[in-house]
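As the structure is a computational prediction, the values presented were derived from the model and not from experiment. A, B, ... follow the sequence lines: proteins, then strands. Residue 1 opens every chain.
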2 protein chains.
Amino acid sequence: MQDILFGFISKYVSLTDDEKNAILSLDIFRSVKKGTILLKEGQKTKDSYFVLKGCIRTYYDLDSEEKTTGFFTEMEALTPPCVINKTPSEYYISCIEDTILIISNSDMEAEVNSKFPKFETLCRILSEQLLAKQRIDFDEFKTSSPEQRYLNLIQKRPDLIQRVPQHQLASFLGIKPQSLSRLRARLVEKNKG
Amino acid sequence: MQDILFGFISKYVSLTDDEKNAILSLDIFRSVKKGTILLKEGQKTKDSYFVLKGCIRTYYDLDSEEKTTGFFTEMEALTPPCVINKTPSEYYISCIEDTILIISNSDMEAEVNSKFPKFETLCRILSEQLLAKQRIDFDEFKTSSPEQRYLNLIQKRPDLIQRVPQHQLASFLGIKPQSLSRLRARLVEKNKG
DNA sequence: TTCATTTCTTAACTTAAGTGAACGAGTTGT
DNA sequence: ACAACTCGTTCACTTAAGTTAAGAAATGAA
């Protein structure tokens with residue numbers, strides 16, 4: 001489990017044994033069961049999540065309807081905006097599979113950052129990369145139709161199609177479950193004709 | 001002009017005079033005319049932009065149609081994904097007004113970051129905040145209709161409605177210019193009846 | 001100014017997403 | 001085993017966005 005973490009980090013910065021031990025001593029690995037809600041709307045938290053295995057999702061409760069906006073799987077990190085803005089959370093985070101997480105809180109990060117500049121470099125690089133990736137995702141979303149988004153998702157994250165319920169995928173694609181159902185039927189029809 | 005920059009920075013970290021001078025010595029302020037194209041599709045660059053005054057926009061050329069995905073105005077920063085990924089740019093950046101920019105390149109930033117850890121902290125904080133803000137923007141986009149997005153834009157960035165051409169606003173909202181025109185007419189009609 | 005181009009709007013028609021309801025399959029809890 | 005619930009699909013209908021085309025208004029250049 002540690003190997004997974006340090007393998008990931010080594011792609012960005014190289015850590016000494018001291019630095020690795022400092023991280024391990026923080027006791028940050030957590031196993032959580034499918035269905036666990038990590039964060040609720042209205043709650044405050046300082047916790048960030050890094051998925052080692054499994055899948056978590058973020059969703060809003062608008063007009064008592066669930067709107068899923070994000071899935072985070074192996075090697076993906078999520079720092080909820082409420083941690084940055086120090087406001088109550090606007091959304092829920094739940095585990096849609098049994099999941100192994102790293103949970104770190106912002107106080108802890110601040111301390112490690114000031115003790116180990118290398119760690120701050122890591123955080124900076126990861127934030128910059130995530131920002132770039134997310135900008136591209138957003139641009140693709142804006143410039144394409146629901147059908148194109150779905151086809152795009154099949155290409156880029158085929159695992160999600162398998163492991164995530166349809167109605168959650170639908171709002172992730174910005175449409176209603178019925179529309180996704182219909183859209184899929186339309187595509188099957190196309191591939192036949 | 002420098003006051004604007006240091007006033008902005010002082011919200012996040014406090015700089016010594018030495019640090020301020022180090023930044024000024026880099027000669028990073030640029031004035032560019034309306035219509036100037038800062039970056040073209042297919043080009044490589046290491047430059048990031050920070051808008052002191054004016055407005056720049058990012059747009060794709062898809063099927064020889066312009067798709068505008070972002071506007072950056074006073075006190076907003078843009079690091080194109082191509083700088084992070086070291087790939088050719090997928091989009092254009094142009095100035096839609098006479099604009100005063102700070103243009104920094106990633107080599108320069110790397111050098112300043114290693115000399116002044118405080119600067120790296122600043123970059124980390126800004127990236128984290130932008131990431132959080134962008135996540136919320138994306139979520140709002142996904143969970144709302146074109147009409148809601150337009151109303152939302154009127155609330156959050158009323159200046160854009162004034163300073164940006166309709167057809168650019170339309171693709172920013174994820175729709176065609178004709179649809180935005182119709183949508184606006186519909187809203188006027190609603191407010192009458 | 002005049003001419004050309006771009007931008008915005010309007011309209012008629014097509015296509016697809018939203019809505020509300022119903023149904024069967026699969027799951028959970030008792 | 002049964003009831004209650006969730007999930008995915010389908011259908012009929014409504015609403016709004018895409019498409020194509022045309023024309024008015026604004027902008028820019030010769």
All N/O contacts under 3.5 Å from nucleotides 4-10 of chain C to the protein, with atom names and distances to one decimal?
{"from": "dC8(C)", "atom 1": "OP1", "to": "Q166(B)", "atom 2": "N", "distance (Å)": "2.8"}
{"from": "dC8(C)", "atom 1": "OP2", "to": "Q166(B)", "atom 2": "N", "distance (Å)": "3.3"}
{"from": "dC8(C)", "atom 1": "OP2", "to": "H167(B)", "atom 2": "N", "distance (Å)": "3.0"}
{"from": "dC8(C)", "atom 1": "OP2", "to": "H167(B)", "atom 2": "ND1", "distance (Å)": "2.7"}
{"from": "dT9(C)", "atom 1": "OP2", "to": "S181(B)", "atom 2": "OG", "distance (Å)": "2.8"}
{"from": "dT9(C)", "atom 1": "O5'", "to": "S181(B)", "atom 2": "OG", "distance (Å)": "3.1"}

For atom CD1 of I175(B) and atom C1' of dA17(C), their distance in whole Å: 14 Å
Is the NZ or CZ atom of R149(B) positioned over F141(B)'s six-membered ring, under 6.0 angstrom from the centre and within 45° of the axis? yes
For nucleotides 23-30 of chain C, which of its nitrogen or oxygen atoms have a protein nitrogen or oxygen under 3.5 Å away, and what is each distance?
none

Atom NZ of K176(A) and atom C1' of dA16(C): how far apart are they, to the nearest Å? 15 Å
Walk me through it: do S127(B) and S127(A) pass the test side chain to side chain donor-acceptor pair (under 3.5 Å)? CA-CA 6 Å; S127(B) 296; S127(A) 295; 5.5 Å; no
From CD of E189(A) across to C1' of dA16(C) the rounded distance in Å is 16 Å
Do K11(B) and F8(B) form a cation-pi contact, if we require the NZ or CZ to be under 6.0 Å from the six-membered ring centre and within 45 degrees of the ring's axis? no
What is the distance, rounded to the nearest whole Å, between atom CZ of R149(B) and atom C1' of dA17(D)? 11 Å
Scan side-chain atoms only and decide if S104(A) and E109(A) contain a donor-acceptor pair under the 3.5 Å cut-off. yes
By ring-ring contact (aromatic ring centres under 6.0 Å, His included) - contacts of Y60(B) (at least two apart): Y91(B)
K34(B) has a side chain; which of dG28(D), dA17(C), dT19(C) sits nearest to it? dG28(D)
Here the distance between atom C1' of dA17(D) and atom OH of Y150(B), to the nearest Å, is 17 Å
Between atom CG in L173(A) and atom P in dA16(C), what is the gap in whole Å? 16 Å
Between C1' on dT15(D) and NZ on K190(B), what's the gap in Å once rounded to a whole number? 11 Å
I need the CD-P distance between Q148(B) and dA17(C), as an integer number of Å. 17 Å
Among Y59(B), F71(B), F72(B), which residue satisfies the ring pair (Phe, Tyr, Trp, His ring centres under 6.0 Å) criterion with F172(B)? F71(B)
Quick test of your reading of the model: are E97(A) and K33(A) salt-bridged, counting only N-O distances below 4.0 Å? no
Run the numbers on E120(A) and T121(B) for side chain to side chain donor-acceptor pair (under 3.5 Å), then give the verdict. CA-CA 7 Å; E120(A) 176 145 48; T121(B) 301; 2.9 Å; yes
Evaluate side chain to side chain contact (heavy atoms under 4.5 Å, CB included) for E74(A) paired with L52(A), printing each intermediate quantity in order. CA-CA 5 Å; E74(A) 286 76 14; L52(A) 289 166; over 6 Å; no
